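Note sheet for the following structure.
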Amino acid sequence: MSEPRFSVLLGPDGAGKSSVMGRLAETLPEWRMVSTDSAFVAPEHALVPRLRRDLHDHLLPGLGTTYSVDFLASVLQTAVVHVRDQVREGDPRVPVLVDSYYYKILAKCRLAGVRDSRLYSWWRSFPQPARVVFLDVSPESAWRRRGDGTQLNALEYDGDDGDWPGFERYQKDLRKLLLEETRDLPVTMLREHPDADRAAEAVREVLAP
C-alpha cells in the first residue's frame with residue numbers, strides 16, 4: 001500500500017491553527033481536517049477529546065508531583081496514534097490537512113524532559129507529509145492571544161510561574177524544535193497575520209492555489 005498524501009499545519013502556541021482549520025473547513029469542503037480538537041473528531045472517537053480535557057484538567061496541574069513526564073508522554077501518545085490512524089485510514093482521493101501531526105507533541109515532550117529516544121524514533125517512522133505549512137507568530141502576539149498569560153497551561157512556558165520571560169523562552173525553544181523536526185520536509189513559512197480570516201486565506205492559497 002502506498003503512503004498516504006497529506007499536509008500539516010504547524011506553528012507555535014497561539015499561532016491560531018485551530019481557528020484557521022475551522023475556517024478552512026468552510027472554504028475547502030473537499031478537504032478533510034484531522035485534529036484532536038473536538039470540532040474535528042468523529043463521535044465514535046469521543047475518547048480522544050475526553051483524554052485531552054483530562055490532560056489539561058488533571059494531568060498538567062499535577063505534572064512533576066502526582067504525574068511524571070513519562071506518564072505525560074504516554075497520554076500524549078494517544079493523540080499521536082489517533083492522528084496517524086486518521087491519516088492512514090482516510091480515502092486517498094480526499095486531500096487531508098493535519099493539525100501539527102506528531103511534531104508539536106514530540107517537541108513539547110523534549111522540552112518537558114522526556115528522554116525516551118525509542119518513542120521518538122517510532123513517531124518519526126510514521127508517514128511523512130507532502131508539505132508543511134508553518135503558521136508563524138511572535139511570542140508577544142501569542143502572549144496577548146493567551147490573555148496576557150492568564151490562559152496558559154504548563155506545556156506553554158518554562159519554569160514554575162508562567163510569567164512573560166518563561167513564556168517567551170519556551171516559545172522560542174518550541175519554534176526552534178518544530179523547525180528542526182521538519183527541516184527535511186517542504187516547509188512553507190507564513191508570516192504572522194492579524195486575524196484568523198487572513199491567516200486562513202494565506203494557508204488556503206498554499207493548499208489550493
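Residues take their numbers from the sequence shown, with the count starting at 1. Here the structure is a predicted model, which is why all the values come from computation and not from measurement.
Ion pairing between a basic and an acidic side chain is recognised when a charged N comes within 4.0 Å of a carboxylate O; Asp85 and Arg88 show no such pairing. Electrostatic pairing of Glu140 and Arg144 does not count as a salt bridge here, judged by no charged N lying under 4.0 Å from a carboxylate O. By the 4.0 Å N-to-carboxylate-O rule, Asp136 lies too far from Arg191 to be salt-bridged with it. Contact check on Arg204 versus Glu201 returns a salt bridge, with a Lys/Arg side-chain nitrogen under 4.0 Å from an Asp/Glu carboxylate oxygen. Under 4.0 Å is where a charged nitrogen must lie from a carboxylate oxygen, and between Arg32 and Asp91 no such pair does. Of the charged side-chain nitrogens involved, at least one lies within less than 4.0 Å of a carboxylate oxygen, so that Asp13 and Lys108 count as a salt-bridged pair.
In this structure a side-chain-to-backbone donor-acceptor pair under 3.5 Å is missing from Glu89 to Val87. Judged by distance alone, the side chain of Thr182 and the main-chain N or O of Leu185 form no donor-acceptor pair under 3.5 Å. A distance-only check finds a donor-acceptor pair linking the side chain of Thr65 to the backbone of Gly62 [under 3.5 Å]. When atom types are taken as modelled, the side chain of Asp37 and the backbone of Phe40 share no donor-acceptor pair closer than 3.5 angstrom.
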- Message: Set out, in order, the CA-CA distance, both residues' side-chain angles and the distance that settles side chain to side chain contact (heavy atoms under 4.5 Å, CB included) for Cys109 and Tyr120, then state yes or no.
- Response: CA-CA 9 Å; Cys109 283; Tyr120 297 154; 3.5 Å; yes
- Derivation of the side chain to side chain contact (heavy atoms under 4.5 Å, CB included) call for Val133 and Leu10: CA-CA 6 Å; Val133 182; Leu10 194 60; over 6 Å; no
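Under the 4.5 Å side-chain contact rule for hydrophobic residues, Leu111 and Val69 share a cluster. By the criterion of side-chain heavy atoms lying less than 4.5 angstrom apart, applied directly or through intervening Ile, Leu, Val, Met, Phe, Trp or Tyr residues, Phe6 is not grouped with Met33; the two fall into different hydrophobic clusters.
To the nearest 0.5 Å, the span separating OH on Tyr157 from CG on Leu174 amounts to 15.0 Å. The line from CG of Leu9 to CG of Asp99 is 6.5 Å long, rounded to the nearest 0.5 Å. Leu119 contributes atom CG, which lies 9.5 Å from atom CG of Leu76 (distance to the nearest 0.5 angstrom). One distance of note links CG of Leu135 with OG1 of Thr188; it measures 12.0 Å at 0.5 Å rounding. Going from atom CD of Gln151 over to atom CZ of Arg145 covers 12.5 Å, rounded to the nearest 0.5 Å. The structure places NE2 of His58 at 11.0 Å from CG of Leu51, a figure rounded to the nearest 0.5 Å.
Ring geometry for Trp123 versus Tyr102: interplanar angle of 30 to 60°, hence tilted. In this structure, His82 and His45 have perpendicular ring planes: the angle between them is above 60°, well past the 30° mark.
Considering Arg110, Arg175, Arg124 as possible partners of Glu180, the one that fulfils the salt bridge (Lys or Arg N to Asp or Glu O under 4.0 Å) test is Arg110. Each of Arg169, Lys172, Gln171 was compared with Asp158 under the side-chain hydrogen bond (donor to acceptor under 3.5 Å, both in side chains) criterion, and only Arg169 meets it.
For the residue pair Leu178 and Tyr103, the shortest heavy atom distance occurs at CD2-O, 3.8 Å. When all heavy atoms of Val41 and Ser35 are compared, the pair lying nearest together is CG2-O, 3.4 Å.
Defined by atom type and a distance below 3.5 Å, a donor-acceptor pair is missing between the side-chain atoms of Trp122 and Gln77.
Taking the side chain as every heavy atom from C-beta outward, Trp143 and Asp148 approach each other to under 4.5 Å.
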